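Ligands are counted one by one from 1 in listed order, and the atoms in each one are counted from 1 as well. The model shown is predicted, which means the values in this text are computed figures rather than measured ones.
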Amino acid sequence: MTNQTFLYYILPGYLITLALVIGIMRYQRMRIKGLLDKLRAARGVKDNKYRRDKEVFKSMEAEIIGWSEDRRLEVEQMQKLENYRKEYLGNVSHELKTPIFNIQGYLHTLLDGGIDDPSINRNYLQRAANSVERMIHIVEDLQAISMLEAGELELEFDRFDVLALTRDIIDSLEMRGKEKKIDLILKHTAEEKVFVYADRQRIRQVITNLITNSIRYGKEGGETKIRYNDTGVKVIAEVADTGIGIPDKFLPRIFERFYRVDKGRSREQGGTGLGLAIVKHIVEAHRQTIGVMSTEGVGSVFTFTLQKS
Ligand SMILES: Nc1ncnc2c1ncn2[C@@H]1O[C@H](COP(=O)(O)OP(=O)(O)OP(=O)(O)O)[C@@H](O)[C@H]1O
Ligand SMILES: [Mg+2]
């Protein structure tokens with residue numbers, strides 16, 4: 001390479017390339033600066049120096065990663081809700097199908113001549129009416145669950161004697177207990193009172209559900225004992241039965257809606273698997289807790305807390 005070639009061709013080439021590279025770098029820097037200025041303006045940062053650029057980029061990166069993680073969790077949550085919705089609809093239609101098909105069967109039999117047969121007409125009408133009752137019960141429970149899950153339940157707090165309420169509930173369930181030869185025993189004297197601060201109607205629902213379960217899943221000749229323990233701040237309610245019990249592996253799931261340990265047995269007793277889900281929602285709406293201990297073949301003890309008054 002001669003000096004002339006270097007001077008006239010190669011050097012200018014280098015210089016032009018260098019100028020171009022510097023130009024591009026400046027342009028990029030300008031754009032980044034513009035972006036950072038915008039970001040600073042948006043974030044309310046006034047100084048225009050670049051000393052903190054690295055930190056800004058780091059925090060931007062962390063923000064972007066955090067944002068994408070939030071979106072991922074949101075999508076997961078939406079998928080869960082979607083599955084939950086599908087499962088819910090499936091369960092609802094399944095539960096309603098049984099009484100609807102039963103009613104259809106009874107009505108068709110009656111229309112096909114059964115209406116004139118005195119040995120079955122009343123009986124079939126009664127069965128159809130029972131199935132309608134069952135549907136109403138399911139729909140009411142579903143309404144209650146929807147309201148509770150949407151947080152629309154407004155509690156009407158009041159001070160009342162939970163023993164008087166329990167005596168009342170026991171009176172109304174005594175016949176059902178007798179049918180299964182199960183004694184309902186309140187472990188308190190007739191004079192005792194235990195005052196709590198809660199929604200009386202809702203607590204009635206809780207106690208009724210627990211005692212109904214103790215009869216439904218009880219053993220003939222058994223008993224259900226109800227007692228209230230005053231701990232000073234709270235009152236612990238306890239419903240203990242001598243029934244079939246719940247195997248350990250099912251215990252964590254029994255408060256889920258539609259969950260039944262033995263679907264056949266529960267349905268034959270008129271159960272939908274909504275009772276305990278409603279009970280748990282009501283107790284938690286009171287900001288109290290509910291729990292269960294059970295031994296298969298021996299019995300179950302349900303306990304929940306109440307605010308003492
Ligand atoms: N005291 C109990 N002893 C044994 N098993 C119980 C008891 N209480 C509840 N279970 C089990 O938990 C399941 C869920 O109870 P839950 O009260 O929610 O539903 P259900 O009684 O089947 O129907 P319903 O909606 O009419 O109450 C029951 O199906 C039963 O398997
Ligand atoms: Mg129940």
Side-chain angles (χ1 to χ4, degrees), residues 87-88 90-99 102 130-149 166 169-170 172-173 176-177 179-187 202-227 237-285 289-304:
E87 191 194 304
Y88 184 70
N91 281 325
V92 169
S93 42
H94 184 80
E95 288 310 320
L96 289 175
K97 247 195 286 188
T98 316
N102 286 346
N130 291 348
S131 290
V132 171
E133 287 293 323
R134 168 118 195 83
M135 277 177 66
I136 292 172
H137 174 77
I138 295 174
V139 171
E140 277 173 358
D141 274 359
L142 287 170
Q143 261 177 335
I145 277 271
S146 312
M147 269 179 64
L148 287 160
E149 288 187 354
T166 310
I169 298 169
I170 289 179
S172 68
L173 293 174
R176 273 179 93 163
E179 281 167 21
K180 273 192 78 170
K181 300 193 173 60
I182 290 172
D183 279 338
L184 308 180
I185 306 159
L186 179 62
K187 302 287 280 178
R202 298 294 166 184
I203 296 303
R204 169 186 285 275
Q205 222 175 327
V206 169
I207 302 167
T208 307
N209 259 303
L210 294 179
I211 301 181
T212 307
N213 277 350
S214 78
I215 300 172
R216 202 177 254 177
Y217 308 105
K219 285 193 217 141
E220 206 160 284
E223 57 186 21
T224 299
K225 287 184 190 148
I226 303 117
R227 88 176 89 218
E238 182 184 298
V239 179
D241 65 49
T242 54
I244 58 171
I246 304 159
D248 281 351
K249 62 175 174 185
F250 300 122
L251 273 181
R253 299 202 59 187
I254 57 163
F255 292 102
E256 286 174 25
R257 52 176 162 62
F258 294 113
Y259 193 80
R260 287 166 296 195
V261 174
D262 178 347
K263 278 199 168 36
R265 179 177 176 134
S266 160
R267 208 175 281 137
E268 152 198 319
Q269 313 258 343
T272 320
L274 291 174
L276 286 180
I278 293 174
V279 162
K280 188 167 197 272
H281 273 302
I282 294 176
V283 172
E284 287 179 354
T289 53
I290 181 158
V292 57
M293 283 183 301
S294 189
T295 310
E296 200 179 352
V298 178
S300 313
V301 184
F302 284 83
T303 47
F304 67 94

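- At a heavy-atom distance under 4.0 Å, only side-chain atoms of D241, from C-beta outward, approach ligand 1.
- The Mg ion (ligand 2) lies at 2.8 Å or more from every N, O or S atom belonging to T212.
- At least one N or O atom of L276, backbone or side chain, sits closer than 3.5 Å to an N or O atom of ligand 1.
- Note on ring orientation: taking the six-membered ring where Trp is involved, the planes of Y259 and F250 are tilted (angle from 30° to 60°).
- Atoms of ligand 1 found under 4.0 Å from any heavy atom of F302 (numbered from 1 in listed order, with element): 1 (N), 8 (N).
- Residue contacts with ligand 1 for I246 involve side-chain atoms from C-beta outward but no N, CA, C or O (heavy atoms, distance under 4.0 Å).
- Using a 4.5 Å cut-off on side-chain heavy atoms (C-beta onward), I207 and F302 make no contact.
- Using modelled atom types, no side-chain atom of K225 and backbone atom of T242 make a donor-acceptor pair closer than 3.5 Å.
- Polar contact with ligand 1: present for R216 (N/O pair, distance under 3.5 Å).
- When only interatomic distances are considered, the shortest N/O to N/O separation between G273 and ligand 1 falls below 3.5 Å.
- For the ligand labelled ligand 1, residue G243 lies outside the 4.0 Å heavy-atom shell.
- Short contacts between ligand 1 and V261, defined as distances under 4.0 Å to a heavy atom of the residue, involve ligand atoms 29 (O), 31 (O).
- Pairing each heavy atom of A144 with each of I278, the nearest pair is CB-CD1, 4.1 Å.
- Atom numbering of ligand 1 starts at 1 in the shown order; those under 4.0 Å from a heavy atom of G245 are 4 (C).
- Remark: ligand 1 and G271 share no N or O pair separated by less than 3.5 Å (distance only, no angle test).
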